[in-house]
Amino acid sequence: MPELPEVEQMRRSLARRLEHAHLLMFISLRPGFPDLTTVALGLEAIRDAAIRRIDRRGKYLIWRLDSPEGSFALVCHPRMTGHFLWHDETQPLPPHIHAMVRILDSSGEPGLLLWQDVRRFGTLELLPAGRLETGPHALLRLGPEADSWRPDAAALVRAERGRRRSIAAWLLDQENVAGLGAIYVTEALHACGLDPATPASRLSRPDWQRLSAVVRDLLRWAQARGGSSISDYVDSDGGRGSFQLEHRIYGRYREACPDCGTTLGRRAVGGRHIGYCPRCVRLPRFRHLAKQDDIRHRGRIESVEKPVCDSSSERISPMSAQNTSRMLYVGGYGGRRIDPAPAGLVTASLSAWSVTDTGELTPVRTFAGVRDSSYVIPDPAGDLLLAVQESGRGGRFLIVDPRSDSDDPLAAVNIGAGGPCHLTVHGSWVFTANYGSGSISCLRLADDHRQARLVAVIQHSGSSANPGRQEGPHTHWVGIDPASCYLYAVDLGIDAVLRYPLSALLERLETLSAADAAAPTLDFAEVRHDRIVFPDGEGPRHMVFSPDGHCGFVVTELGNRVFALDLTEALPAVRDLGLAGGSEGEANYPAAIRLAPDGRHLATSIRGSNRIGIFVLDGATATRIQNLPCGGVWPRDLFYAADGRTLWCANEQSHEITRFTVAADGTIAGGESVARVSAPACLLEVL
DNA sequence: CATACCTCCTGAGAGC
DNA sequence: TGCTCTCAGGAGGTAT
Ligand SMILES: [Zn+2]
């Protein structure tokens, strides 16, 4: 199975129990496999082998063993199907087990580990530690680890000159980069718009830089997801990865390209196939095939040498922030949701754009140290930005100084929960909505707001009607009403808006904060709140308040509706105001709902049919007056400029910002693409 | 030498 | 149903 992320997952899983364990016996079950016999005999001669560490190099797993006879390395290569699994001896032995390892773990418990390898290509060998550093082993010839591959691009251009092999063959050669295989080569090449058959010698210096950056990001992202689990592959603890759900090209031969719809093809490389999209490739196999009109028609870049912005580039243009009064910040998943990269595409997860009087956007800078910022808000107390970072396991709260020369946030604070997607601030308190964990993290800002500390996590629980999306709580939005009476939390997973009386909550948090102990997790049942219940399966997502704070409007992601909440009631009921946008019968997943600065209109973004709905407010009700195409694909967020004349739309899947002009009657027009930025997820315009 | 092809295996799924 | 065919997370060996 495994490529680097999967072998790394195997390593982590094995290390949990094997590190500091003792290897008691290695039993070969196949007398006919000479390699296994050799390992068994070798280990028989070593008494009392302590397992110091489990390492990984490329796709090799290395058990580091210490014994009175010296140090040894058990070097394992899983090839296609080899892997270890823990065995319960009361159960029958699974098929294709070729060896067993008896151990005594650090707590004195015996364990039996099986080596299973259906196709028998995997290898196990025992080497004296010295031979790892010197011998002729292939392990010694491996190139740099793919997840930290930072090549000297100029040297590669020089080295490849005059050679003919394809870039796919080059990447698969473990002596160039270690750890890549068919999956990640396929995905990385598509992300770079490279045909697998392109000769490696055709790559320019920026091409190599971009390719290596994409490879690093891809592998790190895949590792955070536990790798790819195809068919029934599991790690030694039975765990599955989830990156296979994000394969865009691999395993989709003859299906439609997720980026352009063209039927995917494949190229034979080294006896197997690497998929690709014939239309998305920007660098064809041979230069003479690149017809100018074809390239123009496709809107792709004119020259491969044209510099491409990636997340490691510091400044996009030297223009400084203080020259312009309006600034649009775009947050999102720029580092990882990758694309065939048209010219001018900004791939940062947080970027700043100056807004001219005519509404044009000019990139000012990126923040390379910020990853996956799913939501960004201003700190009302100063000039800082507050954001949440939706990273693999533990989410983070970020404080960013947009004026700083540094690309790194001032602070990145663990929020004790996963998948944050929204946040709000009230004085020195920050609350994050954690979609992944279904919780609210409460953090206290330091006096200068340049640092923060996690004080408590309020954990929701429950589920609702949609088995795929509502198997548990998924807190999607948090906010405080204009009168500062309640902290509202919209939970998509349990079909409810919860409102926590703010003064009581803050009092409790202040007490916890003063105690200066580790942040506790509070069951939401133990924190006073009202529960505003939605119809089953609606999946409430985002909310806005009417200007007087008496009324709330909630858009539901699963039901595609807008609901009104009369917040002056002791227990508000929800009132259905109709479709958020699009049409009945379409698959629509609304994302944003925003109040226009005139206080009389609402805008909704409709993912699916890619529309924007405009509502006119009339007291506690709202009526939809427009249902327009958003100009892009998958409108994830909207933002009204402060003067109310412009509405920005972040199109996550077409990687662009579209712009609408807002008339005095609240209707919008336009939808032209004004900026290319990869996977935008949130917008914030400040003056 | 660099590069393309073949091989070592078993099982799953498609097509007939 | 069963049969044949192709393909699968890899890499080492062998012809050109
Ligand atoms: Zn395509």
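Every chain is numbered from 1 and lettered A, B, ... according to where its sequence line falls, protein lines coming before strand lines.
- Comparing the P positions of B:dC1 and C:dA11 gives an interatomic distance of 23 Å, to the nearest angstrom.
- Comparing C:dG13 with B:dC9, their P atoms are spaced 15 Å from each other, to the whole Å.
- When the side-chain nitrogen and oxygen atoms of A:His96 are compared with OP1 and OP2 of B:dG11, one or more of them lie within a distance under 4.0 Å.
- Applying the 6.0 Å contact sphere to CZ of A:Arg240 captures more than 12 heavy atoms from other residues, nucleotides or ligands.
- Side-chain atoms of A:Gln244 come within 3.5 Å of backbone N or O of A:Ser229 as a donor-acceptor pair.
- Taking atom P on both nucleotides, B:dC6 is separated from C:dT6 by 14 Å, rounded to a whole Å.
- Between the OH atom of A:Tyr253 and the P atom of B:dA14 there is a distance of 16 Å, rounded to whole Å.
- Smallest separation of non-hydrogen atoms from A:Ile54 and A:Glu19: N-OE2, 3.1 Å.
- The distance between atom OH of A:Tyr250 and atom C1' of C:dA8, rounded to the nearest whole Å, is 6 Å.
- Atom CG in A:Leu139 sits about 15 Å away from atom C1' in C:dG10, given to the nearest Å.
- A residue-by-residue look at A:Arg266 and A:Phe121 shows that A:Arg266 has its nearest nucleotide of DNA chain C further toward the 5' end.
- Distances shown here put a side-chain N or O of A:Arg163 below 4.0 Å from the OP1 or OP2 atom of B:dT3.
- Closest to the A:Arg120 side chain, of the nucleotides B:dC9, B:dT3, C:dG10, is B:dC9.
- The side-chain contact (heavy atoms from CB on, under 4.5 Å) with A:Phe26 is formed by just one residue from the set A:Leu43, A:Ile46, A:Ile103, A:Leu126; it is A:Leu43.
- Atom pair A:Arg254:CZ and B:dG13:C1' shows a separation of 14 Å (rounding to whole Å applied).
- A donor-acceptor contact under 3.5 Å is formed by the side chain of A:Arg119 with the base of B:dC9.
- Shown here, C:dT6 forms a base pair with B:dA12; the pair counts as Watson-Crick or G-U wobble because both key distances fall under 3.5 Å.
- Nucleic acid contact for A:Arg141: none, since no nucleic acid atom lies under 4.0 Å from a heavy atom of the residue.
- To the nearest angstrom, P of C:dA11 lies 7 Å from CZ of A:Arg272.
- Nearest nucleotide to the A:His77 side chain, out of B:dT10, C:dG10, C:dG12: C:dG10.
- For the pair A:Leu180 CG and C:dG10 C1', the interatomic distance rounds to 13 Å; values are reported in whole Å.
- Side-chain proximity of A:Val118 to C:dA11, B:dG11, C:dG10: nearest is B:dG11.
- Put simply, CD on A:Glu3 is 12 Å from C1' on C:dA8, counting in whole angstrom units.
- Exactly one residue among A:Trp115, A:Phe72, A:Phe84 makes a ring-ring contact (aromatic ring centres under 6.0 Å, His included) with A:Trp63. That residue is A:Phe84.
- For the pair A:Leu172 CG and B:dA4 C1', the computed distance is 14 Å after rounding to whole Å.
- Note on A:Gln174: a side-chain N or O is less than 4.0 Å away from OP1 or OP2 of C:dA11.
- Heavy-atom nearest nucleotides on DNA chain B were determined for A:Gly271 and for A:Gly162, and the one closer to the 5' end corresponds to A:Gly162.
- The side chain of A:Arg164 lies closest to B:dT3, out of C:dG12, C:dA11, B:dT3.
- Among the protein residues, A:Gly181 comes within range of the sugar-phosphate backbone only, with heavy atoms under 4.0 Å from sugar or phosphate atoms but none that close to a base.
- Of the candidates B:dC9, B:dT3, C:dA11, the closest approach to any side-chain atom of A:Lys59 belongs to C:dA11.
- Partner A:Arg16 forms a side chain to side chain donor-acceptor pair (under 3.5 Å) with one of A:Asp105, A:Asp235, A:Asp237 and no other, that one being A:Asp237.
- Residue-level contact check: A:Ala138 touches the backbone only, with heavy atoms under 4.0 Å from sugar-phosphate atoms and none from bases.
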